[in-house]
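Comments concern the structure below.
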Amino acid sequence: MRCMHCYVARWRGRLAELGPAARLRLASEMVEAGVEWVGITGGEPLLLPDFWRIAGLLSGAGVEVTVNTNALLVDEGVAEKLSRVVSRVYVSIDGSRETHEAMRRCRGCHRRVLEAVRLLTRAGVDVVPVMAVSRINYRAVDEYLETVAELGLETAALIPVMPQGEARLTGIWPDAETYNTAVLRAAVRAKDLGLRLHLWCTPYAHALRLPGNVFYGNCRLSPTIDIDPAGNILLCDVIDVVLSNAAEKGLVKAAEEAAAHPLTRAIENPELSGACRECPYRGRCMGGCYARSLLVYGALNAGDPLCPLLGSKDKAPRDIDYHG
Ligand code: SF4
Ligand code: SF4
């Protein structure tokens, strides 16, 4: 299965992934360093044979573990095991049955995902569904939220598909009008249904003046690091801007190097230009998503391409060869 929007598809065959021993060592270092939360994402983390060992080691040491999954490998036994090692499971549900299966190029997988959510919920797992919003499914937010409510869940999340990986090839990443239409529709429908709506990677959301059931943050202010399968600490996992390598240097030293890196400084204290400089929300938004800015405009702090206040600057994403 190769989803139309998979941003990590760019790594296929290009990264020297760490082996099980190095992954386990990194997890141990996280425990020793006092890391509070580890989010295991993919690809599909449940395909990793050592997923259970790593998640067990972390959770056994008191580290909060969450996992993002397409849930296709979740049966009753897996749901029960997950209830013991993770505090939350994020499950991808990309709109209606038709849009979910079109984006995932996978017939029948929508029904299987809903069944997996029921199994997880029955096993006592906190499930939060996540819809990746694209040009294909942005009108299907109502059906998505209705499904979430029918499943008895209280929170739903949206994330814009990024112009990266497979989405760069298929061109299904949304422009500002498309994504913000989805967000505004979702905010209203979620309120009707009594759901909390979380917006991931939407730091300019202040500009949309959304109701109180909608929540969002800003990664520029978050004390987290992104580590790719090769142990690289990235500025963000959507862009291959490497700040250090945790497998080569050790987690603590690499994290210190990453924190002191000039590009980290550049996103924490951005020099904004154009409309962002005069924007009333700049203190909280800080120029929005720097990964999207880099991918679309070729610079980290050129403003968020999805922000409605910046007008329609939508362009085809630039060709950036991080590995060249
Ligand atoms: S830089 Fe953009 S894609 Fe990366 S975490 Fe922040 S908001 Fe999300
Ligand atoms: S104009 Fe710039 S700072 Fe203001 S909300 Fe938009 S992206 Fe953020």
Side-chain angles (χ1 to χ4, degrees), residues 5 39 66 68 87-97 99-100 103 114 117 121 126-162 173-222 224 272 275-276 278-293 303-314:
H5 59 299
T66 60
N68 296 43
S87 64
R88 175 171 295 161
V89 176
Y90 295 104
V91 175
S92 300
I93 304 179
D94 295 325
S96 64
R97 181 179 65 76
T99 59
H100 180 89
M103 279 173 60
L114 301 195
V117 171
T121 310
D126 179 19
V127 177
V128 172
V130 186
M131 173 176 169
V133 177
S134 72
R135 291 179 206 244
I136 290 180
N137 68 355
Y138 74 100
R139 288 197 188 87
V141 283
D142 297 313
E143 281 156 281
Y144 163 65
L145 293 169
E146 284 152 19
T147 302
V148 173
E150 279 163 23
L151 288 166
L153 305 175
E154 294 174 349
T155 302
L158 298 182
I159 185 171
V161 167
M162 296 293 290
W173 50 282
D175 60 10
E177 193 184 338
T178 308
Y179 181 61
N180 294 323
T181 298
V183 168
L184 292 167
R185 275 177 82 139
V188 172
R189 192 69 187 117
K191 198 154 184 249
D192 290 346
L193 293 165
L195 296 171
R196 278 188 299 265
L197 183 65
H198 288 195
L199 302 179
W200 291 7
C201 299
T202 313
Y204 64 84
H206 308 277
L208 295 172
R209 305 166 81 89
L210 297 163
N213 62 316
V214 185
F215 302 87
Y216 42 88
N218 192 334
C219 64
R220 296 188 193 239
L221 303 169
S222 163
T224 55
L272 301 179
C276 288
E278 310 301 327
C279 171
Y281 309 108
R282 67 186 180 284
R284 286 172 289 173
C285 172
M286 303 169 76
C289 170
Y290 53 86
R292 222 163 15 235
S293 178
D304 194 319
L306 293 186
C307 175
L309 302 184
L310 294 180
S312 183
K313 291 203 291 171
D314 190 24

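Only a predicted model underlies this, so the values are computations on that prediction, with no experimental measurement involved.
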Q | Among Cys289, Cys201, Cys285, the one residue meeting side-chain contact (heavy atoms from CB on, under 4.5 Å) with Asp304 | A | Cys289

Q) Rounded to the nearest 0.5 Å, how far does NE2 of His5 lie from CD1 of Ile159? A) 9.0 Å

Q.
With heavy-atom distances below 4.5 Å as the criterion, would you say the side chains of Leu199 and Val183 are in contact?
A. yes

(Q) How close do Tyr144 and Ala157 get, counting heavy atoms only, and between which atoms? (A) OH-O, 2.8 Å

(Q) So, using side-chain contact (heavy atoms from CB on, under 4.5 Å) as the criterion, who are the partners of Ser222 when residues are at least two apart? (A) Thr224

Q: Please name the pair of heavy atoms, one in Met162 and one in Ala291, separated by the smallest distance, quoted to 0.1 Å.
A: CE-CB, 4.0 Å

Q) Which value, rounded to the nearest 0.5 Å, describes the distance between Ile136 atom CD1 and His100 atom NE2? A) 12.5 Å

Q. Are the aromatic rings of Tyr90 and Trp200 close, with centres under 6.0 Å apart?
A. yes

**Q.** All side-chain contact (heavy atoms from CB on, under 4.5 Å) counterparts of Glu154, not counting sequence neighbours
**A.** Arg196

Q: Decide yes or no for Arg284 and Asn218: does some side-chain heavy atom of the first lie under 4.5 Å from some side-chain heavy atom of the second?
A: no

Q: Check whether any side-chain heavy atom of Val130 sits under 4.5 Å from a side-chain heavy atom of Ile93, and report yes or no.
A: no

Q) Which heavy atom of Ala187 sits nearest a heavy atom of Val214, and at what distance? A) CB-CG2, 3.8 Å

Q: Evaluate the side chain to side chain contact (heavy atoms under 4.5 Å, CB included) criterion for residues Leu309 and Cys279: first the C-alpha distance (whole Å), next the side-chain angles of each, then the deciding distance (0.1 Å), finally the verdict.
A: CA-CA 8 Å; Leu309 302 184; Cys279 171; 4.0 Å; yes

(Q) My understanding is that only residues two or more places apart in sequence, or in another chain, count here; which of them pass side-chain hydrogen bond (donor to acceptor under 3.5 Å, both in side chains) with Ser293? (A) none

Q. Any side-chain heavy atom of Leu195 within less than 4.5 Å of one from Thr155?
A. no

Q) To the nearest 0.5 Å, how far apart are CG in Leu306 and OH in Tyr204? A) 4.5 Å

Q) Hey, are the side chains of Val127 and Leu153 touching, using non-hydrogen atoms and a 4.5 Å cut-off? A) yes

(Q) Under the rule for side-chain contact (heavy atoms from CB on, under 4.5 Å), what residues qualify as partners of Arg97, not counting sequence neighbours? (A) Glu101, His110

Q: List in chain and number order the residues that pass ring-ring contact (aromatic ring centres under 6.0 Å, His included) with Tyr281, two or more places apart in sequence or in another chain; answer none if no residue qualifies.
A: none

Q: Return yes when atom CZ of Arg185 has more than 12 non-hydrogen atoms of other residues, nucleotides or ligands closer than 6.0 Å, and no otherwise.
A: yes

**Q.** Close side-chain approach of Cys276 to Arg282, heavy-atom, < 4.5 Å
**A.** no

**Q.** Check against side chain to side chain contact (heavy atoms under 4.5 Å, CB included), Arg88 and Val128
**A.** CA-CA 7 Å; Arg88 175 171 295 161; Val128 172; 3.7 Å; yes

Q) Nearest heavy-atom pair of Ala190 and Leu145: which atoms, and what distance? A) N-CD1, 3.8 Å

Q | side chain to side chain contact (heavy atoms under 4.5 Å, CB included) assessment of Asp126 paired with Val89 | A | CA-CA 6 Å; Asp126 179 19; Val89 176; over 6 Å; no

**Q.** Under 3.5 Å side-chain donor-acceptor pair for Thr99 and Ser96
**A.** yes

Q) How many angstroms lie between atom CD of Glu177 and atom CZ of Arg135, to the nearest 0.5 angstrom? A) 10.5 Å

**Q.** Side-chain donor or acceptor of Arg220 paired with backbone N/O of Pro203 under 3.5 Å
**A.** no

Q: Could you walk me through whether Leu210 and Leu184 pass the side chain to side chain contact (heavy atoms under 4.5 Å, CB included) test, one step at a time?
A: CA-CA 8 Å; Leu210 297 163; Leu184 292 167; 3.7 Å; yes

**Q.** Shortest non-hydrogen contact from Pro308 toward Leu208
**A.** CG-CD2, 3.7 Å

Q | Main-chain N/O of Met131 paired with Asp94 side-chain donor or acceptor, under 3.5 Å | A | no

Q. Is there a donor-acceptor pair under 3.5 Å between the side chain of Asn137 and the backbone N or O of Ala140?
A. no

Q: Check whether any side-chain heavy atom of Val141 sits under 4.5 Å from a side-chain heavy atom of Leu158, and report yes or no.
A: yes

Q.
Testing the basics here: between Met286 and Leu272, what is the closest heavy-atom pair and its distance to 0.1 Å?
A. O-CD2, 3.7 Å

Q) Does any donor atom in the side chain of Ser134 or Tyr179 lie under 3.5 Å from an acceptor atom in the other side chain? A) no

Q) What residues, two or more places apart in sequence or in another chain, satisfy side-chain hydrogen bond (donor to acceptor under 3.5 Å, both in side chains) together with Ser87? A) Glu64

Q | Close side-chain approach of Tyr216 to His206, heavy-atom, < 4.5 Å | A | yes

